Number of protein chains: 2
Amino acid sequence: MRVLVVEDDQFHASYLQDVIAEALPEVTETIHASDGFTGQEEARAGAIDAIVMDLQMDRRNGVEAARTIWAERPGTRILFWSNYADEAYLRGVSAIVPPASAYGYVLKTATRARLKLALRTVLVEGQIVVDREVHRLQRKGPGASGALNESEYAVLLDLALGLQDRQIAERRGMSLRTLQNRLGSLYEKLGVEDSHEGRPLNKRVKALERAVVMRTVNVETLEAAQREYDAWVTTCADAKR
Amino acid sequence: MRVLVVEDDQFHASYLQDVIAEALPEVTETIHASDGFTGQEEARAGAIDAIVMDLQMDRRNGVEAARTIWAERPGTRILFWSNYADEAYLRGVSAIVPPASAYGYVLKTATRARLKLALRTVLVEGQIVVDREVHRLQRKGPGASGALNESEYAVLLDLALGLQDRQIAERRGMSLRTLQNRLGSLYEKLGVEDSHEGRPLNKRVKALERAVVMRTVNVETLEAAQREYDAWVTTCADAKR
DNA sequence: AATCCGCTTGCGGGAACCCGCAAGTTTTTT
DNA sequence: AAAAAACTTGCGGGTTCCCGCAAGCGGATT
């Protein structure tokens, strides 16, 4: 069994290799890649089927690399290893994981024992493991009730890009009023009150602020959303011809 | 000479201690603290005057710890060591550094040689060192002209919290129209156009999105701004009695 | 079948937002 | 000291945002 470690921090990478050697005696070789691009090339070249991947990397982040890898080899098992309990990453991961495969999400603050356990469970047993600290985000916002559904999340991204009501409604194929209802429930779920300590506030901006602070979105999410929107706009313009 | 290392990642901490031992032979003792709180207490108890500090920490971030430390011992030299080239942190640091002291801002991706150099330059020579990658942010926004001035930055934070025009104007002591002028220049400097690819957008939200993506603000900044605002609101309420 | 519940949609209105215009004030330049 | 540039402030108006109200639609319950 060969394992690929994709991690741009050399200390964490060598720590990982150390733990892998200890937890997985069946591993015959561990390969190291220091960013997402070389990672996906190593995976292709080396016929790798077990990967441990950092999520935050400069050249290409883990989610994007994983998407490419899974597109080529859907059975690849990937354990994500991240600094943060970040809903945006988890959402990105669980949106692209193929049914045939297995993945895990472990925080870098996890103990050595827990990391070893996750390595075995995901890479060898092919189960799904999600750190409880991360999973907590999935269901509970500090604000009101539960998680955002796909539709609300999509609207949140559009809102975050600065689109106006009409634009969002058009893009998502709903009426203006429906979109506004969606915004209403979004505000509620993000815990946006119409006033704070008796002072009124701008719900639209506050919603984005809450989403950023609660890590429902992050910089990578926003950049990806902007790219998707630009692409949509151009296809939309082409269609009109 | 005694050096305090404040860093919550044990690998980075031991690496740091290693480099310090190599670069600064005059160091007789290095002390380690794993979060901002214990860091500032160690600094107080140990009469420390040279510190290497991580910026992102769970319990108390580096900027807050530095503020406390500098308030007690303004001559303390602090080298900040961070994962990210993040304008918000640099702004936070340079806003509180006392004139009597020295500081540095080095990225964790810096080479060992550059880290050694920065250690000597800041902790021994008492000069200011800022990683060029970080300094780049200070002057250049991709959008239009240069950096935000203090007044604009303050308005940006208020906007980010979701305050309405009237609230911001009241808090910052300016008229409604003046504030709106401020917002106008803020939009310009952040590169917020009134429409993107022919589609209009919500400038207020877009401004926050740009600020987040360009790392002019980050989660810690927003949380700190919220705390300051809450404090201001309560003092304001007290004053009215 | 009748009822209920949730979601969608249109209409209308009050508040907030953004900006052009113009007059007054401060700061900088010449 | 005079002129120019920059900033502040009020007013007015067009647009957007947010929401209450009510009508329609579809699936689930009794």
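Only heavy atoms go into these numbers, but all of them, side chains included; no hydrogens, no water, no symmetry mates. Chain letters run A, B, ... following the sequence lines, proteins first and then strands; every chain starts at 1. Not measured: the values here are computed from a predicted model.
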Checklist entry - Nucleotide by nucleotide, 5' to 3', does protein get under 4.0 Å of the base (B), only the sugar-phosphate (S), or neither (-) in nucleotides 4-14 of chain C, counting heavy atoms? => result ----BBBB---

Checklist entry - Can you name the salt bridge (Lys or Arg N to Asp or Glu O under 4.0 Å) partners of R60(B), sequence neighbours left out? => result E64(B)

Checklist entry - Can a side chain N or O of K203(A) be found less than 4.0 Å away from OP1 or OP2 on dA16(C)? => result no

Checklist entry - With sequence neighbours excluded, what pairs up with Q127(B) under the side chain to side chain contact (heavy atoms under 4.5 Å, CB included) test? => result T121(B), E125(B)

Item to check | Set of side chain to side chain contact (heavy atoms under 4.5 Å, CB included) partners for E228(A), sequence neighbours left out | outcome: R171(A)

Next on the checklist: Rounding to an integer number of Å, can you tell me how far Q164(B) CD sits from dA15(C) C1'?
Outcome noted: 8 Å

Checklist entry - Looking at side-chain heavy atoms only, is the closest gap between W81(A) and L115(A) below 4.5 Å? => result yes

Next on the checklist: Just the rounded figure in Å: distance from P of dC18(C) to CD of E193(B).
Outcome noted: 15 Å

Checklist outcome for this item: By salt bridge (Lys or Arg N to Asp or Glu O under 4.0 Å), R166(A) pairs with (sequence neighbours left out) none

Checklist outcome for this item: Angle separating the five-pair end axes of the helix from dA1(C)-dT30(D) to dT30(C)-dA1(D), nearest 10°, is 30°

Next on the checklist: Suppose we screen for side chain to side chain donor-acceptor pair (under 3.5 Å). Which residues come up paired with N61(A), at least two apart in sequence or across chains?
Outcome noted: none

Checklist outcome for this item: Sorted by chain and residue number, the side chain to side chain donor-acceptor pair (under 3.5 Å) partners of S175(A) (sequence neighbours excluded) come out as T178(A)

Item to check | Value in whole Å for how far the C1' atom of dA16(C) lies from CZ of R199(A) | outcome: 17 Å

Using the 3.5 Å cut-off, write out each protein N or O paired with an N or O of nucleotides 23-28 of chain D and the distance between them.
none

Checklist entry - Do R199(B) and V233(A) have side chains that get closer than 4.5 Å, going by heavy atoms? => result yes

Checklist entry - For dC18(C), does either OP1 or OP2 sit under 4.0 Å from a side-chain N or O belonging to Y187(B)? => result yes

Checklist entry - What's the CG-P distance between L186(A) and dC19(D), to the nearest Å? => result 12 Å

Checklist entry - How many Å lie between CG on D165(A) and C1' on dA16(C), as a whole number? => result 13 Å

Checklist outcome for this item: note: L201(A), atom CG; dC19(D), atom P; distance rounded to Å ~ 11 Å

Item to check | Which residues share a salt bridge (Lys or Arg N to Asp or Glu O under 4.0 Å) with D8(B), sequence neighbours left out | outcome: none

Item to check | Whole-Å distance separating the CD atom of E188(B) from the P atom of dC19(C) | outcome: 11 Å

Checklist outcome for this item: Residues at least two apart in sequence or cross-chain that pass salt bridge (Lys or Arg N to Asp or Glu O under 4.0 Å) with K108(A), listed by chain then number, are E7(A), D54(A)

Item to check | Protein-nucleotide distance (L183(B), atom CG; dA16(C), atom C1'), rounded to Å | outcome: 12 Å

Checklist entry - At under 4.0 Å, does any side-chain N or O of N202(A) touch on OP1 or OP2 of dA16(C)? => result no

Report, one line per pair, each donor and acceptor closer than 3.5 Å where one atom sits in a side chain of residues 191-198 of chain A; sequence neighbours left out.
unit_1, atom_1, unit_2, atom_2, d
H196(A), NE2, D230(B), OD1, 2.7

